[in-house]
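One structure below.
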Amino acid sequence: MFKKKLIAGLLTLSLALPVMSVTGPAKEVKAATKEITIEKATTINPIAGFDDKGNTAYGGDPSILVDGDTVYLYVGHDVATTDAYNITEYLCYSTKDLKEWKYEGVAMKASTAEISWANSSNSAWAAQVMKHNGKYYLYYCTWSKSSIDSGKQCIGVAVSDNPTSGFKDIGKPLVKGSVTDPQTSDWNDIDPTAWIETDEKGVEHRYLAWGNGKFYVCELNEDMTSIKDLNGDGKITSGTEKSSADIIEQSSKLTFFTEAPWLYRRKDASGKPYGKYYLFYAYGWRERMAYATADDLFSGDWKTGGVIMEYTATSNTNHMAVFDFNGKTYFVYHNGQLAGGNGFRRSACIAELKFDSDGAVQYIPETAAGPFGKTTSIYTNSGALLAHENKTNPSVDSGYPMSLSVGVGISKEAADKQWVITAGKADAKKDSYVSIESENKPGLYLTAKSKTAVTLTQDTDGKANTANKQTFKTVEGLSDAKGVSFESVAYPGNYLSIKNGSLVLTSATKDPVASTFYLGVDSSDSSLRSIAVTVKKPQFLTGTKVKKSNLTVTAVYANGKTKKVTNFTSTISKITYKKAGAKTIQVTYKEGSITRTTNAYVTYIKKPAKVKKLKAKLAGKKKVKLTWKKVSGVKGYEVSYGKKKSKHKVYKTTSKCKVTFSGKKGTTYYFHVRSYVKLNGKKSYSKYKTVKIKVTK
């Protein structure tokens with residue numbers, strides 16, 4: 001059997017910093033090209049997603065069975081190539097430590113050849129396996145071909161002597177869609193979940209629950225394949241009260257219940273259940289994870305506990321399993337984190353679930369590292385942590401796939417500054433290749449959009465070109481051998497770099513310091529690591545000189561400390577400020593025997609020229625038409641007017657060289673037009689051009 005391989009990365013990158021002198025212009029620094037290996041995270045999410053040959057195998061709607069010292073994971077095998085469910089079978093995985101998962105194979109196919117009452121061979125919707133009296137029972141749902149059920153989803157059950165394979169359907173639905181009431185859709189009867197326990201009187205209870213839009217609960221007979229006649233009337237009926245029905249519908253007492261129910265109850269050290277019953281479920285669209293509690297499963301007196309997981313970053317649906325193992329409680333869910341994944345090509349993930357002292361469930365953040373993986377902080381030359389923008393996952397499908405900006409100072413949230421460094425998606429066997437995934441937006445990777453642009457986004461197609469864009473080669477730091485630089489595999493010779501606070505790609509010689517990153521700090525090393533320069537307003541009009549006071553220089557030390565410095569030198573006096581365009585200012589700071597050099601970037605924008613040939617003429621009753629000659633290199637024009645030459649108010653902002661104004665007959669107006677450019681996000685104007693006209697019509 002295939003076992004999930006752990007990609008062990010040896011940390012050859014020391015985090016301590018040597019005394020290293022960098023002198024002369026940045027362009028003269030010779031770029032390092034020595035490939036290195038940095039530590040990569042293992043035992044991370046997703047926890048399965050492969051077949052016996054190690055190929056990707058998508059699987060959603062996860063469920064868990066704990067059998068002795070082994071945990072079994074079951075998923076519906078997603079083989080969709082379009083945005084439509086195509087789920088052909090139930091796959092099984094196993095583990096003894098929740099870290100290394102073994103592919104066990106197909107537990108049961110959803111084909112009509114194996115399920116005689118099914119009308120589809122690609123609808124292996126959610127399932128859960130329970131063990132009882134030495135046998136294993138797989139509760140699942142699929143479409144019925146029965147004329148009575150009119151193509152509705154029904155709950156089925158299959159039996160096996162082992163947990164991994166050989167499940168045989170009993171030949172008929174356990175719960176028919178035609179029996180449950182009320183019915184609001186043909187898929188009310190989906191997503192079965194079960195719970196077995198012995199009460200204080202020594203009586204065993206075998207509960208089954210399910211639903212979409214509606215939530216139903218019943219009790220099973222000891223055979224586990226038939227519904228218990230609770231009221232003893234000799235037939236199985238559906239209703240809202242235990243006294244008059246056997247299948248109890250409780251939706252009215254649940255807040256925002258959508259689907260994916262999961263029954264759970266806490267257990268003491270001896271394995272005896274205690275306290276309230278928990279119902280975990282999905283609600284809303286896109287789907288969040290929530291829970292409710294009750295003292296009794298048949299009362300329906302559910303008390304809403306609230307949301308415990310928000311929409312995932314890569315899937316429109318979610319489905320959980322909650323279980324205890326080795327003294328802890330875990331929460332398994334699904335997303336579209338794998339390459340090419342989405343809400344129809346899903347993968348199972350795991351997180352630890354924790355309770356407050358009063359039994360409330362703590363919020364569970366979606367996580368790429370999971371409970372056993374490693375996250376990494378990536379320090380830039382400024383000493384700041386690399387982060388992605390802080391954005392709540394959208395509630396509407398049109399907001400996906402997400403694309404987030406990355407840089408420094410872009411978010412104050414600690415979670416936005418954590419990364420999971422994995423084996424390179426382009427070639428997992430190449431030690432120097434890495435891919436860099438967001439910890440709190442699993443499935444979103446640093447991606448080279450072009451030779452200069454970088455974003456954080458999802459791999460939606462699973463193709464080699466996308467894998468290349470999301471893979472970087474690690475080499476010795478371009479300005480410091482104790483740092484690390486990341487060369488784009490898609491665009492060789494271009495490296496991740498910080499420019500004006502944003503993560504971009506630049507050539508090796510553009511700014512080696514800004515292209516050098518660090519994966520930690522060394523508290524015992526107080527030596528100068530690097531310097532960083534910021535320009536508060538990096539855009540200037542031609543003819544305006546950059547002053548030294550426009551630059552803020554920060555010295556960064558290997559122990560993580562920083563300080564502002566003023567005794568630096570720069571090439572400000574050498575830049576040509578009379579011509580428009582991007583300019584590079586080299587900044588150098590020396591402390592003791594160590595010299596550090598980096599670049600600051602400013603842009604000169606041509607001054608907006610005064611409008612020429614401004615004319616005004618009457619163009620009908622009370623109408624004045626203004627025209628002027630186009631000015632090159634400007635964003636637009638502002639037109640204002642007044643009855644006095646020195647007092648006027650804005651009439652219109654336009655990109656055209658003409659406007660029409662409605663005035664009052666017999667009134668003389670002064671019209672003023674000026675051009676403008678955008679400078680540091682604001683408008684910068686030229687001088688006014690004025691024309692006078694009297695409205696006579």
Side-chain angles (χ1 to χ4, degrees), residues 61-63 125-126 128 141 153 155 175 180-195 207-218 238-242 245 247-266 275-312 315-323 329 331-335 343 351 353-366 392-397 399:
D61 297 331
S63 67
W125 288 24
Q128 183 178 347
C141 52
Q153 280 268 359
I155 305 296
V175 179
T180 51
D181 184 68
Q183 285 274 312
T184 56
S185 75
D186 289 340
W187 51 88
N188 283 147
D189 298 284
I190 65 170
D191 297 356
T193 178
W195 180 258
Y207 300 105
L208 184 72
W210 66 95
N212 172 291
K214 299 296 180 181
F215 176 67
Y216 306 97
V217 180
C218 73
S238 177
T240 57
E241 299 294 335
K242 184 179 178 181
I247 298 173
I248 315 302
E249 196 275 318
Q250 304 177 357
S251 308
S252 63
K253 299 179 180 180
L254 282 170
T255 303
F256 301 117
F257 173 82
T258 299
E259 60 181 357
W262 185 273
L263 296 176
Y264 172 79
R265 198 178 181 196
R266 302 175 77 180
K276 296 181 180 294
Y277 292 91
Y278 288 80
L279 175 66
F280 296 89
Y281 59 92
Y283 90 87
W285 190 267
R286 297 163 73 101
E287 289 184 343
R288 293 167 167 164
M289 298 280 93
Y291 79 101
T293 58
D295 293 320
D296 177 80
L297 285 179
F298 284 119
S299 69
D301 294 329
W302 294 104
K303 181 180 179 181
T304 301
V307 172
I308 55 173
M309 178 176 277
E310 286 292 342
Y311 326 104
T312 72
S315 173
N316 48 17
T317 64
N318 207 340
H319 189 116
M320 87 304 296
V322 179
F323 67 99
T329 304
F331 184 91
V332 172
Y333 59 99
H334 74 221
N335 59 21
L353 186 148
K354 297 180 180 180
F355 300 89
D356 289 334
S357 58
D358 61 356
V361 178
Q362 294 181 11
Y363 183 79
I364 306 168
E366 189 185 11
T392 301
N393 294 345
S395 61
V396 293
D397 292 348

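Every value quoted in this text rests on a predicted model; they were computed, and no experiment measured them.
- Donor-acceptor pairing under 3.5 Å is recorded for the side chains of D356 and Q362.
- Nearest heavy atoms, W210 versus C218: CZ3-SG, 3.7 Å.
- Scanning both residues, P261 and L279, for their nearest heavy atoms gives CB-CD1, 3.7 Å.
- A 4.5 Å side-chain heavy-atom check between W302 and L297 finds at least one atom pair inside the cut-off.
- Atom CH2 of residue W125 and atom CD of residue E259 lie 8.0 Å apart, to the nearest 0.5 angstrom.
- Using modelled atom types, one side-chain atom of S238 and one backbone atom of D181 make a donor-acceptor pair closer than 3.5 Å.
- W285 and N316 share no side-chain donor-acceptor pair at under 3.5 Å.
- Here the closest non-hydrogen pair linking A245 and G239 is CB-N, 3.2 Å.
- At least one donor-acceptor pair closer than 3.5 Å links the side chain of E287 to the backbone N or O of N318.
- Note that CE of M320 and CG of L353 are 10.5 Å apart. Values are rounded to the nearest 0.5 Å.
- Contact of the R288 side chain with the F256 side chain is not registered, since no non-hydrogen atoms from C-beta on lie closer than 4.5 Å.
- Looking at S315, its side chain never comes within 3.5 Å of a backbone N or O of T312 through a donor-acceptor pair.
- Proximity of M289 to I364: side-chain heavy atoms (C-beta onward) are nowhere separated by under 4.5 Å.
- If you look at F298 and Y207, their ring centroids are closer than 6.0 Å.
- Separating the CG atom in D61 from the CD1 atom in I190 is a distance of 8.0 Å, to the nearest 0.5 Å.
- A distance of 10.0 Å separates NZ in K214 from OG in S185, rounded to the nearest 0.5 Å.
- In this structure, the side chain of T240 does not engage the main chain of E249 through any donor-acceptor pair within 3.5 Å.
- N212 CG to F257 CZ: the interatomic distance, rounded to the nearest 0.5 Å, is 7.0 Å.
- Contact record, P394 with G399: CG-O, 3.8 Å, taken as the closest heavy-atom pair.
- Looking at heavy atoms from C-beta onward, F323 lies in side-chain contact with V332 at the 4.5 angstrom threshold.
- If you check the side chains of T193 and Q128, you find a donor sitting under 3.5 Å from an acceptor.
- The shortest non-hydrogen separation linking A209 to L263 is CB-CD1, 3.9 Å.
- Atom-to-atom distance recorded for D186:CG and Q153:CD is 9.0 Å, nearest 0.5 angstrom.
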Check the pair D189, Y216 against side chain to side chain contact (heavy atoms under 4.5 Å, CB included), reporting the backbone distance first and the verdict last. CA-CA 8 Å; D189 298 284; Y216 306 97; 3.8 Å; yes

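- Checking T317 against H334 by side-chain atom types alone, a donor-acceptor pair falls below 3.5 Å.
- Contact annotation: the side chain of I308 approaches that of F280 to within less than 4.5 Å [non-hydrogen atoms, C-beta and beyond].
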Should E310 and T392 be marked as a side chain to side chain contact (heavy atoms under 4.5 Å, CB included) after you check the CA-CA gap, both sets of side-chain angles, and the distance that decides it? CA-CA 9 Å; E310 286 292 342; T392 301; 5.7 Å; no

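- Two residues are said to be in side-chain contact when any heavy atoms from C-beta on lie closer than 4.5 Å; E366 and Y311 fail this criterion.
- Minimum interatomic distance between A126 and P192 (heavy atoms only, all atoms of both residues): O-CD, 3.4 Å.
- With sequence neighbours excluded, the residues forming a side chain to side chain contact (heavy atoms under 4.5 Å, CB included) with T293 are K276, Y278, Y291, K303, listed by chain and number.
- Looking at heavy atoms from C-beta onward, D301 lies in side-chain contact with K253 at the 4.5 angstrom threshold.
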